[in-house]
Amino acid sequence: YVLTDGNPKWERKNLTYRIVNYTPDMNSADVDKAIQKAFKVWSDVSPLIFKIIYDGNADIMISFETGDHRDNSPFDGPDGFLVHAFQPRNGIGGDVHFDEAEYWTKGSNGYNLFLVVAHELGHSLGLSHSTDPGALMYPTYSYTEPNEFRLPQDDINGIQTVYGHSGNPIQPTGPTTPVTCDHKLTFDAVATMRGELLFFKDRYFWRKHPQMTEVQLNFISLFWPNLPSGIQAAYENTERDQIFLFKENKYWVLSGYDLVYNHPKSIYDLGFPKNVKRINAAFNDENSGKTYFFVGGKYWRYDENRQSMDQGYPKKIIDEFRGISKNIDAAFQYGRYIYFFIGTRQFQFDPNVKRVVSVMKSNSWFNC
Amino acid sequence: SSSAFPVAPETEDEDKNIQLVKTYLQNFYKLETDKQSRFKSKNIKPLTEKLKEMQVFFGLKVTGKPDVDTLEVMKKPRCGVPDIGQ
């Protein structure tokens, strides 16, 4: 996190705000709700208290403006920069101006008002932009499902440096951004996708081309705004050019960057019994057209051609994959090997000799 | 019809990218505009230095050149508050 030059801050803990005008893009009740929710993001983790007023001068005046709106920082039309806010001070200090040329929404289309207000209020309270790509105070816009939003730890640290902790007996904590070369890195799911490798963790995924050295960390929502974070298993059916992503008892199907179905499907459609609540890992064996699903210490085998589970399953993982214990985090097939991820370790399994031939760090693909 | 020799598309793109880089650095990294720098001492950090500052901020490869990754970040929608300074 970065505190604004000169460490400006409000000396009072009780601050007022006023919504001066409304965007025609949303109904005003949704604007009120988005802004109120954004203030709560910061009041939950600090001693600050915010109160709305409906006329006169508030500490934080929120308005929608177009082009040159006489604050020496004219807007630039659609996209580009979306909004700006002023650091704590009297007068224009603390105020937030939205570019009306943008399309403001309460969903994933256009720009989500709640997320942008929450970011700007960080400036109104004395924070500058953070260099942590997972922080709310990172300069570029990225969508997160508002109901899944939790203020990242980096932002909590920043605001508490300025104003101290909230009175809350239980100090709230937030998500931290995974570090690509952290030797303790673990994954939620791994899958191939059109020759690349996708490593999923929380709301992020790394994209890695086996022949390239760079690895890119992205938000899942950057490519697939309607996918949840915390994907638990994933595999690619190369024949159908589709990726299957699993979370709890649902799954989503991607074809490239498109969701094949608008809504998630049920894993019970694949033939799982109702006592299976989630899948730990999955991989598709291109040679046989069979997909292996791992749940606890057992695995199922699914026939992609017949589109049904094979008879006689589940079986014990240890019986087929010697050396691979239970509670696999992720798995994928690459070349002749199958790679199993368990915590910080990765097991390279050779199905021809039916044993583990090498053990590596889970993030060994990142050339750290 | 214009007598000017038509700009080759890649040159046009290049000019556009240079303008994008300058505007971005002026908005968010306090790169001085040509007008400002004309009246100030010459020890201002040239565009390359400012570009490196931006690449460091975003964890990009620090090349001082407007490479693909850098331009991609500059084209992303963002907050209008500068990344350095007030």
Side-chain angles (χ1 to χ4, degrees), chain A residues 2-8 65 71 73-76 78-89 93 96-99 101-103 110-112 115-124 126-133 136-143 177 179-180 213-214 216-217 222, chain B residues 12-37 39-40 44-45 47-86:
Chain A
V2 177
L3 306 187
T4 299
D5 277 8
N7 293 2
E65 312 284 354
D71 67 359
S73 304
F75 282 133
D76 59 350
D79 300 323
F81 48 91
L82 315 173
V83 59
H84 53 228
F86 295 84
Q87 60 195 60
R89 206 179 55 197
V96 179
H97 297 163
F98 289 92
D99 186 351
E102 312 303 345
Y103 179 46
Y111 295 106
N112 183 278
L115 294 169
V116 177
V117 178
H119 172 105
E120 293 312 308
L121 292 178
H123 293 310
S124 305
L127 295 182
S128 272
H129 284 145
S130 171
T131 56
D132 176 339
L136 172 63
M137 294 311 291
Y138 197 63
T140 51
Y141 175 83
S142 60
Y143 177 72
T177 306
V179 177
T180 303
T213 49
E214 283 92 45
Q216 242 183 34
L217 177 64
L222 180 65
Chain B
E12 194 172 338
D13 271 359
E14 227 166 274
D15 293 348
K16 238 187 256 177
N17 285 340
I18 286 293
Q19 194 46 51
L20 165 76
V21 169
K22 274 175 96 172
T23 308
Y24 192 92
L25 295 176
Q26 284 161 1
N27 283 332
F28 305 116
Y29 286 82
K30 293 200 298 189
L31 172 71
E32 296 186 329
T33 60
D34 301 342
K35 190 168 52 170
Q36 286 165 327
S37 56
F39 299 106
K40 283 263 184 82
I44 56 162
K45 287 183 181 173
L47 186 139
T48 312
E49 287 310 302
K50 288 295 187 182
L51 190 47
K52 285 180 181 174
E53 264 183 69
M54 177 262 175
Q55 289 169 330
V56 167
F57 187 96
F58 282 97
L60 297 164
K61 208 181 279 182
V62 182
T63 62
K65 293 184 180 61
D67 49 52
V68 172
D69 288 346
T70 301
L71 289 171
E72 190 180 317
V73 170
M74 288 185 167
K75 289 171 183 165
K76 286 186 175 177
R78 56 161 291 160
C79 170
V81 172
D83 293 337
I84 54 164
Q86 304 204 0

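In the text below, chain A, chain B and the rest are named by the order of the sequence lines, each starting its count at 1. What you see below is based on every heavy atom in this structure, not just the backbone, and it leaves out hydrogens, waters and symmetry mates.
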Stepwise side-chain contact (heavy atoms from CB on, under 4.5 Å) test for B/Val81 and A/Glu120: CA-CA 9 Å; B/Val81 172; A/Glu120 293 312 308; 4.1 Å; yes

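- The CG atom of A/Asp76 sits 8.0 Å away from atom CG of B/Asn27, with the distance rounded to the nearest 0.5 Å.
- Contact record, B/Val73 with A/Thr140: O-CG2, 4.5 Å, taken as the closest heavy-atom pair.
- By number of non-hydrogen pairs under 4.5 angstrom with chain B, the leading residue of A/Val2, A/Val116, A/Leu82, A/Asp99 is A/Leu82.
- Minimum interatomic distance between A/Pro139 and B/Arg78 (heavy atoms only, all atoms of both residues): O-CB, 3.2 Å.
- With a threshold of 4.5 angstrom between heavy atoms, A/Ser73 does not approach chain B through any atom at all.
- Within the 4.5 Å cutoff, side-chain heavy atoms of B/Pro77 are placed close to those of A/Tyr111.
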Kindly indicate, with the supporting measurements, whether the criterion side-chain contact (heavy atoms from CB on, under 4.5 Å) is fulfilled by A/His129 and B/Phe57. CA-CA 10 Å; A/His129 284 145; B/Phe57 187 96; 3.7 Å; yes

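- Annotation: B/Lys76, atom NZ; neighbour count of heavy atoms from other residues, nucleotides and ligands within 6.0 Å is above 12.
- No part of B/Asp69 comes within reach of chain A, as not one of its non-hydrogen atoms sits under 4.5 angstrom from that chain.
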### Task
Take B/Phe58 and A/Tyr138, measure what ring-ring contact (aromatic ring centres under 6.0 Å, His included) needs, and give me the verdict at the end.
CA-CA 9 Å; B/Phe58 282 97; A/Tyr138 197 63; 5.5 Å; yes

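- Residue B/Lys75: no heavy atom, backbone or side chain, is found under 4.5 Å from chain A.
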